[in-house]
Amino acid sequence: MSAKPIIVWFRNDLRLADHRALSAAVANGAAVVPVYIHDLKAAGDWAPGSASLWWLHHSLSALTASLSDIGAPLVLRSGDTEDELAAIAAETGATGLYFSRAYEPWARAQEERVRARFSGSTGIAVKRFASAMLREPEDVRTKAGDPFKVYTPFWRALTALGPPSAPLPAPKTVTSLDKKIISEKLADWKLLPTKPDWAGGMRETWQPGEQGAHARLETFLKTALDGYSDRRNLPAVDGTSRLSPHLHFGEISPHLCWHRATAAREKAGSGDAALETFLKELVWREFSYHLLFHWPTLPEQPFKTEFARFPWDEDAVRRKAWQRGQTGYPIVDAGMRQLWHTGWMHNRVRMIVASFLIKHLLIPWQSGEAWFWDTLVDADLASNAASWQWVAGSGADAAPYFRIFNPVTQGEKFDAEAAYVRHWVPEIAKLPDDVIHAPWTASATVLAKAGVVLGKSYPLPIVDHAAARQRALDGYAAMRA
DNA sequence: TTTTGAGTTGTTCGA
DNA sequence: GTCGAACAACTCAAA
């Protein structure tokens, strides 16, 4: 009785609400065959890292459950994407293949191959839908028709187009196929760590999946949007949205975040800076996608080409100290340990640790990008690449080269009571506020009283700030000469 | 085509 | 202790 089935190919759009491909398939009256294909090869060097795979497992598990609830169980397959889609199309007699658009260079190439595979007389209508961006990258242009390279004009142009489209409701029921389609078992993909199981901190911190995403958004709107402009900078405070991993996996759409936040503030009766700051953060994500789309080498090559000449100083020992949170600078070490433990790091601290790796240690930004890629649950090709290049000074609309964060000053300014440092660097927790961000300045008595032995229980600084700063400035001067 | 105003997130130095 | 200037020109986007 129902029309021929439509395959809905899920990618990083692991949700039911505001899912245009799914809604279109449902509206068509067709039986819906939802599919997810585990194909790490397609992503090449940018296959998800360990932390992302942990998240992916739980997000797929959640999606499986919610799709079953509305009547269409998720089909899991692994292997080559085009082959698997073709096989499922043959098994189901599908007449349509619907999916959400992606913007990573490898994902774009994959879309082209899928289109090619189903073009011609296969009888399968391939339809691509917008999903992850507020506006498509082709639609935000300068008056000359070029893509933007500076954030503020990009923001103005985007907002001048009006609010993003309103989110679609999740389908309540879906017609499923009469026939049973073979699905693999999620557990067999072995996405979770076993020996050792390092994901304890992540389980405590996160609830992956669409439901978790919506809960996170509502909590944020209720508890943190007030005062967001300032409190988002304090790492000891839960003042950020923490939506990044949910957005990366598409468990919630940026459109929905935009509209819910706007509506929440209207009810509160105040149009204001807090809302605008949050919307601007959404648009920073958008700007990163825009850059990656128009400059696909962004993850590998410096956007400003002269940075290929920067005199880097690759040092494996120092890199390791940075990765493990053993640099001797408490705010840096706290951030790196938070990352290792929870798969996430506060945004303010990301800037500090990134500046430290690049400018104090002169280690190439690509090295930090790779570490973040493997350890962050919100690892996102566009945001990660654009942000590392921003700190390095090599990106579009980047930080000026002379902006070198002082890790002591930053700690004192944004973690004044050192609650963040004490939590993540417990071996120095007993140091008093006035020296905890620079333990080497403490007197012997103060150190002894706090039970700190520098060089033993906590490292001495691996570089001297003033000397490192000068070395970085000299490096930039050499590059420009 | 030329001109003009503007550009996320900081630090240091010296008055 | 506080404050403004220097850091260095450069490129982008729009008029």
I need the [atom1]-[atom2] distance between [X] and [N], as an integer number of Å.
| X | N | atom1 | atom2 | value |
| --- | --- | --- | --- | --- |
| Phe154(A) | dC12(C) | CZ | P | 16 Å |
| Ile358(A) | dT9(B) | CD1 | P | 16 Å |
| Tyr401(A) | dG10(B) | OH | P | 17 Å |
| Phe405(A) | dT11(B) | CZ | P | 7 Å |
| Leu473(A) | dC7(C) | CG | P | 12 Å |
| Trp284(A) | dG7(B) | CH2 | P | 12 Å |
| Gln470(A) | dT12(B) | CD | P | 11 Å |
| Tyr476(A) | dA6(C) | OH | C1' | 18 Å |

| Watson-Crick/G-U partner (both atom distances under 3.5 Å) of dA14(C) | dT3(B)

| query | Watson-Crick or G-U wobble partner for dC7(C), using a 3.5 Å limit on both distances? | reply |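 Here dC7(C) is engaged in a pair, and the nucleotide opposite it is dG10(B).
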
If you check every side-chain atom of [X], which of [options] has the closest atom?
| X | options | value |
| --- | --- | --- |
| Phe402(A) | dT9(B), dG7(B), dC7(C) | dC7(C) |
| Phe414(A) | dG10(B), dG7(B), dA15(C) | dG10(B) |
| Arg156(A) | dG7(B), dT9(B), dG10(B) | dG7(B) |
| Arg469(A) | dA8(C), dT11(B), dA13(C) | dT11(B) |
| Val150(A) | dA13(C), dT11(B), dT9(B) | dA13(C) |
| Met351(A) | dA13(C), dT9(B), dC7(C) | dT9(B) |

| query | Expressed as a whole number of Å, how far does the P atom of dG5(B) sit from that of dA8(C)? | reply | 24 Å

| When the aromatic ring centroids of Phe10(A) and His19(A) are compared, is their separation below 6.0 Å? |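 Phe10(A) vs His19(A): aromatic centres under 6.0 Å.
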
| message | Any donor-acceptor pair under 3.5 Å linking the side-chain atoms of Trp46(A) with those of Glu300(A)? | response | yes

| said: When you compare the side chains of Glu251(A) and Ser59(A), does any donor N or O come within less than 3.5 Å of an acceptor on the partner? | reply: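 There is such a pair (donor and acceptor under 3.5 Å, judged by atom type) between the side chains of Glu251(A) and Ser59(A).
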
Phosphate OP1/OP2 of [N]: any [X] side-chain N/O under 4.0 Å:
| X | N | answer |
| --- | --- | --- |
| Lys149(A) | dA13(C) | no |
| Tyr151(A) | dG7(B) | no |
| Asn406(A) | dT12(B) | yes |
| His465(A) | dT12(B) | yes |
| Arg403(A) | dT9(B) | yes |

| query | Got a sec: does the CD of Gln211(A) have more than 12 other heavy atoms crowding it under 6.0 Å? | reply | no

| Neighbour count >12 (heavy atoms, 6.0 Å) for atom CZ, Arg231(A) |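 Counting other residues, nucleotides and ligands, CZ of Arg231(A) stays at 12 neighbours or fewer.
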
| said: I'd like to know whether Thr81(A) forms a side-chain hydrogen bond (donor to acceptor under 3.5 Å, both in side chains) with Gln110(A), so could you lay out the CA-CA distance, the side-chain angles of the two residues, the decisive distance to 0.1 Å, and finally the verdict. | reply: CA-CA 8 Å; Thr81(A) 297; Gln110(A) 184 181 54; 3.0 Å; yes

